[in-house]
Amino acid sequence: MPARRAALKLLMAVLGRGTPLELALEGALSDVRLPQDRALARNLAATVLRWLPDLDVMIDSATAKRLPEDSRARMVLRIALAGWQKLDTPPHAVVSTALPLVEGGPRRLVHGVLGTLLRGDLRLADAPHLPDLFAVRWAMDWGADVADAASRMLAHEPATDLALREPADTARLAEALGATSLAPGHLRVPRDRELGALTDWPGFAEGDWWVQDFSASLPVRLLGAQRGDSVLDMCAAPGGKTMQLAALGAEVTALDVSEARLARVAENLARTGLSARLEAGDALRWEPGRLFDRILLDAPCSATGIFRRHPDVLHLKGARDLAPLTLLQAALLRRAASWLKPGGTLVYATCSLDPREGERIAERIIAGLPRAPIAAEELPVGLVPTPEGWVRTLPGQLEAEGGLDGFFIARFRKLAD
């Protein structure tokens, strides 16, 4: 029961209050002591978020009157059905663990809905339906095949991607972790590898690697930083790109608006034995007092490209109302351009599948900052640049290898004096 009560708190936070799942975890799990219960609570909540439209269809098929979207009874039914359909909860346990969660709500109704569905033959499909907004939007923006691939990618939590401090260690660590590699310095650890807690994996204590999706590593790979270059990593937390840059020997300034998130960056730098200058500040007001050889702007965005690992993004308001974000992205890009040395390189990236946050921002003309097209030979096998010389990763790409998060990457080079 502690796991299911915590899962209910997580869903009420995400779907009721619009809190991102990762931010809701600390509060929801505060009373859950056992690691396996904490893991189950998160797994139940994430499974509901992956299959939400389909679970609601099941619930509505067994009720004469539609339950309110944010009602406790509907939330409990979602958890119970997700556990039964996807996590192999036995039917008797589905009912016995659901009813206590209803508390003062309609227990008889919940019991009746579960009984009807448990006796019936309605089952979830192999792949979930995307929320209508994204099913339509992604089909229009990228084609029906990409939307279908997104549905397949949403069905399961993906493998864990690691970025390595030393690319020369790729083969050694791949053997130790039972991993595959898409490029030097990258490892992909399958979900079925029984390695215990992440902190117990080979190489963690030694600081050999950090968790980072392969797509998220591409902006640094394309920035071209060299040892001794002065590099500004804007919006740096949680720090994966800062560590990539530091591992290359660059002199890194990591800027982020959140001191708490920068503290996590500092912890990861200490574990990996890397160094960077950390600056807490609002990039629209902060002044560096210098120019940089290279600047990386991984801008705040709707984060819809990371839906495989964070299915809550498909249900948060920020993924639907993009106007404030696109204004911020354009302002940050102009700001970054003003801090770049003549002849310097700037990479703009977002983990969004919406072209309004990627292609439309990169199309804007910034005086003295022409595009520096990305060539095919700069990319890993299986990826190609767009005709404009940008990179756009989409659901369905490298699917046989486990897929990628959705990213947009554009590169610019400031005109020399």
Inset, instruction - Check side-chain contact (heavy atoms from CB on, under 4.5 Å) between R264 and all other residues, then give those that pass, not counting sequence neighbours. - result: P238
Inset, instruction - To the nearest 0.5 Å, tell me how far R294 CZ sits from L248 CG. - result: 10.0 Å
Inset, instruction - Anything under 30° is parallel, anything over 60° is perpendicular, the rest tilted; go ahead and classify W390 against F408. - result: perpendicular
Inset, instruction - Enumerate the residue pairs fulfilling ring pair (Phe, Tyr, Trp, His ring centres under 6.0 Å) with a member in residues 336-382, sequence neighbours excluded, ordered by first and then second residue. - result: W286-W339
Inset, instruction - Verify whether one side chain among T345 and R413 offers a donor that lies under 3.5 Å from an acceptor in the other. - result: yes
Legend entry - Short side-chain donor-acceptor distance under 3.5 Å, E357 and S302: yes
Inset, instruction - Could you pull out all residues at least two apart from E267 that satisfy salt bridge (charged side-chain N to carboxylate O under 4.0 Å, His left out)? - result: none
Inset, instruction - Look at R188 together with D161 and state whether they make a salt bridge at an N to O cut-off of under 4.0 Å. - result: yes
Legend entry - Exercise: identify the closest heavy-atom pair between V231 and A250: CG2-CB, 3.8 Å
Legend entry - Cation-aromatic face contact R271/F204, 6.0 Å, 45 degrees: yes
Inset, instruction - Using the test side-chain contact (heavy atoms from CB on, under 4.5 Å), find all partners of R193 that sit at least two apart in sequence or belong to another chain. - result: V189, P190, L195
Legend entry - Point-to-point distance, once rounded to the nearest 0.5 Å, from CZ of R78 to CE of M75: 5.0 Å
Legend entry - Salt bridge flag under 4.0 Å for residues R5 and D31: no
Legend entry - Considering all heavy atoms, the nearest I361-Q329 contact: CG1-OE1, 3.9 Å
Inset, instruction - Using modelled atom types only, decide if a donor and an acceptor are shared between the side chain of R38 and the backbone of V32 within a distance under 3.5 Å. - result: yes
Legend entry - Shortest non-hydrogen separation from F292 to S230 and the atoms involved: CA-OG, 3.5 Å
Inset, instruction - Run the salt-bridge test on E166 and R172 with the 4.0 Å N-O cut-off and return the result as yes or no. - result: no
Inset, instruction - Indicate yes or no: does E22 engage R309 in a salt bridge with an N to O separation below 4.0 Å. - result: no
Inset, instruction - Determine whether the side chains of W210 and Q212 contain a donor N or O and an acceptor N or O closer than 3.5 Å. - result: yes
Legend entry - Reported CD-to-CG distance for the pair Q244 and L223, which is rounded to 0.5 angstrom: 10.0 Å
Legend entry - CD on E363 to CD on E359, rounded to 0.5 Å: 7.5 Å
Inset, instruction - Identify, with sequence neighbours excluded, every residue that meets side-chain contact (heavy atoms from CB on, under 4.5 Å) alongside P311. - result: A46, L49, R50, L154
Inset, instruction - State plainly whether the residues R277 and E251 are in salt-bridge range, i.e. N to O under 4.0 Å. - result: no
Legend entry - D56 with R74: basic N within carboxylate O range, under 4.0 Å: yes
Inset, instruction - Go through the structure and list residues passing side-chain contact (heavy atoms from CB on, under 4.5 Å) with A144, not counting sequence neighbours. - result: none
Inset, instruction - Considering non-hydrogen atoms only, spot the tightest contact between Q85 and L122 and give its length. - result: NE2-O, 3.8 Å
Legend entry - Value rounded to 0.5 Å, distance of NE2 in H310 from NE2 in H315: 14.0 Å
Legend entry - Nearest non-hydrogen partners of F407 and P219, listed with the distance: CE2-CG, 4.2 Å
Inset, instruction - Check whether the side chains of T160 and R191 place a donor and an acceptor atom closer than 3.5 Å, and report yes or no. - result: yes
Inset, instruction - Using atom types as modelled and distance alone, determine if a side-chain donor or acceptor of T272 lies under 3.5 Å from a backbone N or O of G207. - result: no
